[in-house]
There are 2 protein chains.
Amino acid sequence: MKSKEGFGKVLGRLEREILEVLWARQEATGKAIFAEIKSTREIALTTVLTVLERLWKKGLVKKVKGDSVYVFRPAYTKEGFAREVSGTVLKGIFEISKSGACASFIDTLADTDPVELDRLTVLIENKKKELERKR
Amino acid sequence: MKSKEGFGKVLGRLEREILEVLWARQEATGKAIFAEIKSTREIALTTVLTVLERLWKKGLVKKVKGDSVYVFRPAYTKEGFAREVSGTVLKGIFEISKSGACASFIDTLADTDPVELDRLTVLIENKKKELERKR
DNA sequence: ATAATATTCGACAAACTGTAGAATGTCAAG
DNA sequence: CTTGACATTCTACAGTTTGTCGAATATTAT
């Protein structure tokens, strides 16, 4: 299966770069973010500002007036964001095939970081207990 | 977190509908697919044909000349497709946050179908054994 | 060869993302 | 209060993706 860009692309390249900067710094001005990205590749300040604005409209970053300049912050932690997004995506994929998605999940995890398998076992146990308590 | 359309949208609405028809039928002519979708909502034959063509270009369906008419087939099983796609998506999300994605995976699964938790435990055990064998 | 059918082409609209210059707003120093 | 310097927003365009079809072309059957 090819598909150049990959399916379920979650964010655009620049959007992603910006969020990564914000997650690393907790908060930053548009200019600071611009500077950091600029150190990597050619880009205009307004480009960064525009995308920040879009991220704000999407509710992914917060914008607060600081000392005469707006300061941006991520609206979600990396973990929270990954959680939300994968929740959405997985729900969609489960609709297509739960078993396929499960298999792939384990494969991908094992591929990426086998140690996580143990942690996952624990998560499952906890979840089971949690479900039982509710019952 | 809002985001009207959900992140990681895997396929467009019509693309998805068409694939679902194909997965259900194994194979079908464009016309047959058109008829099925038409029974649900107003749509033109060429619209369906065009999207079938695009799915073919993406490598998601096969197109074979049958008895004077092209017959389409899914290029992947539902399971295989879900597997591929979730592999891609998850790899991307893991890059953002493995723990977040794992947590969400368990949550979503427990939400959708708690019984699967046990099956997942088995999958993990098998995967661990497989990894050990390789070592 | 004609009429009926099937298939492909070309187009347009609406989102989404990247890109950035132009216009406008703000605020402090003179 | 006017002028700069800097900050922010506006407007615009290009490229991609998906949905949508009519028109043109090709194929088949009569």
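Letters A, B, ... are given to chains in the order of the sequence lines, protein chains preceding strands, and every chain is numbered from 1.
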I'd like to know if A:Thr46 reaches the base of C:dG21 with its side chain such that a donor and an acceptor end up less than 3.5 angstrom apart. yes
May I ask you to verify if any side-chain N or O of [X] is less than 4.0 angstrom from the OP1 or OP2 atom of [N]?
{"X": "B:Lys31", "N": "C:dT5", "answer": "no"}
{"X": "A:Lys58", "N": "C:dT17", "answer": "yes"}
{"X": "A:Lys57", "N": "C:dT17", "answer": "no"}

Would you kindly compare B:Val71 and A:Val48 by the position of their nearest DNA chain C nucleotide and give the one closer to the 5′ end?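 Upstream on the strand: B:Val71.
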DNA chain D contacts made by residues 12-24 of chain B, counting heavy atoms under 4.0 Å: B:Gly12, B:Arg13, B:Leu14, B:Glu15
For DNA chain D, which residues of residues 35-45 of chain B approach it to below 4.0 angstrom with any heavy atom?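 Nucleic-acid contacts, sorted: B:Arg41, B:Ile43, B:Ala44.
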Is there side-chain contact between A:Leu11 and A:Leu60, with heavy atoms separated by less than 4.5 Å? yes
Heavy-atom side-chain contact between B:Thr77 and B:Arg83 under 4.5 Å: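 No, every pair of side-chain atoms sits at 4.5 Å or beyond.
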Distances under 3.5 Å between protein N/O atoms and the N/O atoms of nucleotides 24-30 of chain C, please, pair by pair.
none

Of A:Val51, A:Leu22, A:Ile18, the residue whose pairing with A:Val61 passes side chain to side chain contact (heavy atoms under 4.5 Å, CB included):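 Passing option: A:Leu22.
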Which of these passes side chain to side chain contact (heavy atoms under 4.5 Å, CB included) with A:Ile124: B:Asp118, B:Leu109, B:Leu120? B:Leu120
Whole-Å distance separating the [atom1] atom of [X] from the [atom2] atom of [N]:
{"X": "A:Leu52", "N": "C:dT19", "atom1": "CG", "atom2": "P", "value": "13 Å"}
{"X": "A:Ile33", "N": "C:dT19", "atom1": "CD1", "atom2": "C1'", "value": "17 Å"}
{"X": "B:Leu49", "N": "D:dT18", "atom1": "CG", "atom2": "C1'", "value": "16 Å"}
{"X": "A:Leu11", "N": "C:dT17", "atom1": "CG", "atom2": "P", "value": "8 Å"}
{"X": "B:Arg54", "N": "D:dT20", "atom1": "CZ", "atom2": "P", "value": "10 Å"}
{"X": "A:Asp67", "N": "D:dT8", "atom1": "CG", "atom2": "P", "value": "11 Å"}

Parallel, tilted or perpendicular, judged at 30° and 60°: which one describes the rings of B:Phe81 and B:Trp23? tilted
According to salt bridge (Lys or Arg N to Asp or Glu O under 4.0 Å), who are the partners of B:Arg41, at least two apart in sequence or on a separate chain?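 B:Glu17.
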With sequence neighbours left out, what residues match A:Glu36 under salt bridge (Lys or Arg N to Asp or Glu O under 4.0 Å)? A:Arg25
Could you walk me through whether B:Val89 and A:Leu90 pass the side-chain contact (heavy atoms from CB on, under 4.5 Å) test, one step at a time? CA-CA 9 Å; B:Val89 174; A:Leu90 289 170; over 6 Å; no
Taking atom CG of B:Leu123 and atom CD1 of A:Ile106, what is their separation to the nearest 0.5 Å?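 If I round to the nearest 0.5 Å, the distance is 5.5 Å.
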Return the CZ to CG distance between B:Phe72 and B:Leu49, rounded to the nearest 0.5 Å.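 So the CZ of B:Phe72 and the CG of B:Leu49 are separated by 6.5 Å.
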Tell me what A:Thr50 touches on the nucleic acid: a base, only sugar-phosphate, or nothing, going by heavy atoms under 4.0 Å.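 A:Thr50: base contact, heavy atoms under 4.0 Å.
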Among C:dT8, C:dG18, C:dT7, which is the nearest nucleotide to the side chain of B:Glu53? C:dT8
Report, as yes or no, whether the 6.0 Å neighbourhood of atom NZ on B:Lys62 holds more than 12 heavy atoms from other residues, nucleotides or ligands.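 At most 12 heavy atoms, drawn from other residues, nucleotides or ligands, come within 6.0 Å of this atom.
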Does anything in residues 44-54 of chain A pair up under side-chain hydrogen bond (donor to acceptor under 3.5 Å, both in side chains), and if so which pairs, sequence neighbours excluded? A:Glu53-A:Lys63
